[in-house]
Amino acid sequence: MKTILITELAPEFLIQGFSLNPDAGRLTGKIGRHEVELLASGGPDAPLEGEAQIISLGLARATGQYRAGDILMMGSDDLLDRAFQALDEMEQRGLVVNLPASDVQDTIFVPQDEALFARVQTWKNKKLPFLCLCVVEPIGSEEQAKLVTLVRKIVS
């Protein structure tokens, strides 16, 4: 199955962490038998045909109940299950959240809430497997390495 990574984060650590290569203007690679393609969140939308799963990577602002380095997640049940298994192996804290309504406090905040909300609705309507992973800021090299390891475990 093809995995499409969509990132709001600077992609350099993902390119290096997944050994992605430019192929016809796209960044592609493999994790085990699975093909991976990296897209910037401001770039073209992910293709919605064929067998593909989508993993969106972003940042979240720390609030009262979230600590720096926490992984906030939302997505399809299967991918959430795989994410929790991987987080357990890594002894990393992960929390399932929803995108906020404008009047709800202590929920995930992503810099591009409206764009992400629209994408999530499209993925749900198309019944695509998806997972949004947001790391609570600040994100340093340790959090970047954890994110790469987490995605590798989920995909493989």
Side-chain angles (χ1 to χ4, degrees), residues 1-60 68-99 108 110-156:
M1 176 178 282
K2 181 176 184 175
T3 299
I4 299 170
L5 298 175
I6 300 174
T7 184
E8 295 178 2
L9 309 172
E12 291 78 19
F13 79 97
L14 296 168
I15 294 167
Q16 183 179 1
F18 296 117
S19 301
L20 300 176
N21 300 306
D23 177 29
R26 303 176 322 172
L27 289 168
T28 61
K30 289 205 174 230
I31 297 176
R33 302 181 334 249
H34 305 279
E35 182 182 341
V36 176
E37 181 177 350
L38 178 66
L39 301 173
S41 66
D45 287 336
L48 298 176
E49 298 94 30
E51 285 193 31
Q53 60 186 9
I54 299 169
I55 299 177
S56 177
L57 307 172
L59 291 174
D70 281 350
I71 307 286
L72 307 180
M73 308 178 290
M74 72 181 110
S76 307
D77 290 342
D78 181 49
L79 287 173
L80 282 172
D81 288 345
R82 285 194 256 160
F84 272 120
Q85 289 173 349
L87 287 166
D88 284 346
E89 290 174 17
M90 297 169 59
E91 297 180 358
Q92 172 69 37
R93 183 170 124 141
L95 304 153
V96 175
V97 295
N98 290 313
L99 286 170
I108 186 173
V110 180
Q112 297 177 344
D113 273 340
E114 291 177 19
L116 182 59
F117 181 76
R119 274 193 233 124
V120 165
Q121 293 307 313
T122 300
W123 299 335
K124 284 181 179 180
N125 291 338
K126 298 279 186 180
K127 296 183 174 35
L128 292 172
F130 75 94
L131 180 65
C132 297
L133 300 171
C134 297
V135 180
V136 176
E137 297 178 299
I139 181 171
S141 58
E142 185 177 328
E143 288 79 17
Q144 290 174 347
K146 285 180 184 178
L147 200 53
V148 168
T149 301
L150 177 60
V151 172
R152 281 187 172 283
K153 288 178 178 280
I154 291 168
V155 171
S156 58

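Hydrogens, waters and symmetry mates play no part in the numbers below; they use all other heavy atoms, side chains included. Residues: numbered from 1 along the sequence shown. Predicted, not measured: the structure shown is a model, and the values here were computed from it.
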Residues Leu150, Gln92; criterion side chain to side chain contact (heavy atoms under 4.5 Å, CB included); working and verdict: CA-CA 10 Å; Leu150 177 60; Gln92 172 69 37; over 6 Å; no
Identify the heavy atoms of Ala60 and Leu72 that sit nearest to each other, and give their distance. CB-CD1, 3.7 Å
So, taking the atom named CD in Glu143 and the one named CG in Leu9, what distance separates them when rounded to the nearest 0.5 Å? 11.5 Å
Counting only heavy atoms not in Asp88 (residues, nucleotides, ligands), do more than 12 fall under 6.0 Å from its CG? yes
Intermediate values then yes/no, side chain to side chain contact (heavy atoms under 4.5 Å, CB included), Leu27 and Phe18: CA-CA 10 Å; Leu27 289 168; Phe18 296 117; over 6 Å; no
All side-chain contact (heavy atoms from CB on, under 4.5 Å) counterparts of Thr28, not counting sequence neighbours: Asp23, Arg26, Glu37
What do the steps show when you test Val148 against Gln144 for side chain to side chain contact (heavy atoms under 4.5 Å, CB included), and what is the final call? CA-CA 6 Å; Val148 168; Gln144 290 174 347; 5.7 Å; no
Under 6.0 Å from the CD atom of Gln16, do we count more than 12 heavy atoms belonging to anything else shown? no
Within the structure provided, determine whether Val96 and Leu80 are in side-chain contact (heavy-atom separation under 4.5 Å). yes
Using the rule given for side chain to side chain contact (heavy atoms under 4.5 Å, CB included), can you reason through Ile55 versus Ile6, listing the C-alpha separation, both sets of side-chain angles and the distance that settles it, and then say yes or no? CA-CA 6 Å; Ile55 299 177; Ile6 300 174; over 6 Å; no
Nearest atoms (heavy-atom pairs only) where Pro11 meets Leu38: CB-CD2, 3.9 Å
Applying side chain to side chain contact (heavy atoms under 4.5 Å, CB included) between Leu5 and each of Leu133, Leu39, Val151, report the one that passes. Val151
So, taking the atom named NZ in Lys126 and the one named CD1 in Ile54, what distance separates them when rounded to the nearest 0.5 Å? 11.0 Å
Would you name the heavy atoms of Met74 and Val97 that are closest together and state the gap between them? CB-O, 3.3 Å
Smallest separation among heavy atoms of Gly94 and Leu87, with atom names: CA-CD1, 3.7 Å
Knowing that exactly one of Lys2, His34, Arg82 qualifies, which makes a side chain to side chain contact (heavy atoms under 4.5 Å, CB included) with Gln53? Arg82
Euclidean distance, Ile139 CD1 relative to Lys146 NZ, rounded to 0.5 Å: 10.5 Å
CG-CE distance between Leu95 and Met73, expressed to the nearest 0.5 angstrom: 7.0 Å
Minimal heavy-atom distance between Trp123 and Cys132, with the atoms involved, is CZ3-SG, 4.1 Å
side-chain contact (heavy atoms from CB on, under 4.5 Å) filter on Glu137, not counting sequence neighbours, yields Leu59, Arg61
Find the distance between OG (Ser76) and NZ (Lys124) and round it off to the nearest 0.5 Å. 9.0 Å
Reported CG-to-CD1 distance for the pair Leu128 and Ile4, which is rounded to 0.5 angstrom: 8.5 Å
